[in-house]
Amino acid sequence: MSRNHTLFERARHSIPGGVNSPVRAFGSVGGTPIFFQRGQGASLWDADNTQYIDYVGSWGPAIVGHAHPEVIAAVQAAAVNGLSFGAPTEAEILIAEEIIKLVPSIESVRLVSSGTEATMSAIRLARGFTGRDKIVKFEGCYHGHSDSLLVKAGSGLLTFGTPSSGGVPADFTRHTLVLEYNNVEQLTQTFAELGDQLACVILEPFAGNMNLIRPSAEFVAALRELCTRHGAVLIYDEVMTGFRVALGGAQELHGIRPDLTTLGKVVGGGMPIGAFGGRADIMACIAPLGSVYQAGTLSGNPVAVAAGLTTLKLIQAEGFHARLGERTRQLVDGLAAAAREAGVTCSTDSVGGMFGLYFTAEVPRSYAEVMQSDRELFNRFFHAMLAEGVYLAPSAFEAGFVSAAHTEADIDATVAAARRAFAKLAA
Ligand SMILES: *Cc1c(COP(=O)(O)O)cnc(C)c1O
């Protein structure tokens, strides 16, 4: 029996489902989760010391590769000075200044310890700032696991959402309206009816939690225009896209200035950091300046900040994102060609260091379209690739991630593995 099996059996006795975050359990793809013991660059080694080329990258943070020597050195140097003080440190100013420099719509920023905290706090802030309760989110977008954001679409147009998790009172999601991604007409109609009651609209500016879905230019333009006209706060949830699709995030690519932005993943460089920031007049509503309460014992933790700050420095290397985008494009083009050769129906897309692989004829543009993809085929592909030593996200509905440590040889090896995996699928 493999050590992964043994560890998973043992984990299930002390940890619910054997994991500390549900998708890790391989529930949708089946089989035994891989327990990792080590990462270096683009590779991971599991409990049996089997090596994998990694396209999960800790779900995004590992943009410079695993265990980058400069990041590790910064963490070690910070750690010997003490792990946490619950008081301000100079490094927090440095990372705040760096974030503000890279994301111009952010005039002021607060650090938290996860993406969930960042989005939850940004929503509370938008409500406090506007004095309104209702919020809009889009079907298939994930914004962390706070109560009012764990919502699925209601049954009809302009109905408020129902909780998508046990333990969330329907009363808590009563103010959350769930609309279709990329549906400009529905968005416009919603604002016409309820615009002056909306505190905010939150979106993933490239959705990465229902595979990868791009917004249309009309959709983002309508969002900005309608929020401005009706005094609703536009929140770009860039926890995944921030520093990954471009140095200035999705908003740089869209040419849109959101009112608030949430960050996570890359900003912590693999350590627990989230952040929310934006317009100074809105941020001034946060305690201790304003009445909207938000706090954290470990917020701005010096060891985490050291990892984040070093990562933000590394991604500013000349041509970093151009190279990352090019590498990612090579990967998806290679995967698409391999699928074609084998006669497997499959489409691909990428933006910066983020990619989508869909078992659909066309690249999907909404949650409903992505749900049409052939899950069974994906699951077989996932396991065939795993057997080839390629670690993909264990779900048909997650984006993939490439890091600066992925070499051309890694991409070539992955495409060669995919050719064999697709051939197996077609057989
Ligand atoms: C990952 C993610 C979150 C939640 O971040 P956690 O650090 O897992 O709490 C929120 N929003 C988006 C877009 C994400 O991808």
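Numbers for residues simply follow the sequence, beginning at 1. Below, each value reflects all heavy atoms present in this structure, side chains not excepted, and no hydrogens, waters or symmetry copies. First listed ligand is number 1; within each ligand, the first listed atom is number 1.
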Can a donor-acceptor pair be found between the side chains of [X] and [Y] at a distance below 3.5 Å?
X: Q294; Y: E117; result: no
X: T188; Y: E185; result: no
X: Q251; Y: T261; result: yes

*What protein heavy atom sits nearest atom 3 (C) of ligand 1, and how far away is it?*
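For this ligand atom, the closest protein heavy atom is V239 CG1, 3.7 Å.
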Short N or O distance, [X] and ligand 1, threshold 3.5 Å exclusive:
X: G115; value: yes
X: T116; value: yes
X: E204; value: no

*Which atom pair, heavy atoms only, marks the closest approach of H175 to R127?*
CB-NH2, 3.7 Å
Numbered atoms and elements of ligand 1 in range of [X], under 4.0 angstrom, heavy atoms:
X: S114; result: 7 (O), 9 (O)
X: D237; result: 10 (C), 11 (N), 12 (C), 13 (C)
X: M240; result: 15 (O)

*asked:* One pair to check against ring-ring contact (aromatic ring centres under 6.0 Å, His included): H254 and F206. What are the steps and the verdict?
replied: CA-CA 10 Å; H254 294 172; F206 289 94; 5.0 Å; yes
*Are K134 and D196 within salt-bridge range, i.e. N to O under 4.0 Å?*
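The answer is no: the pair does not qualify as a salt bridge.
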*asked:* Can you tell me which portion of N209 lies within the under-4.0 Å heavy-atom range of ligand 1? Options are side chain, backbone, both, or neither.
replied: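 Within the 4.0 Å criterion, N209 contacts ligand 1 through side-chain atoms alone.
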_Measuring from atom 15 (O) of ligand 1, which candidate in H145, M120, H143, K265 has the nearest non-hydrogen atom?_
K265
*F219/F138 aromatic ring centres below 6.0 Å*: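 Distance test on ring centres: under 6.0 Å, yes.
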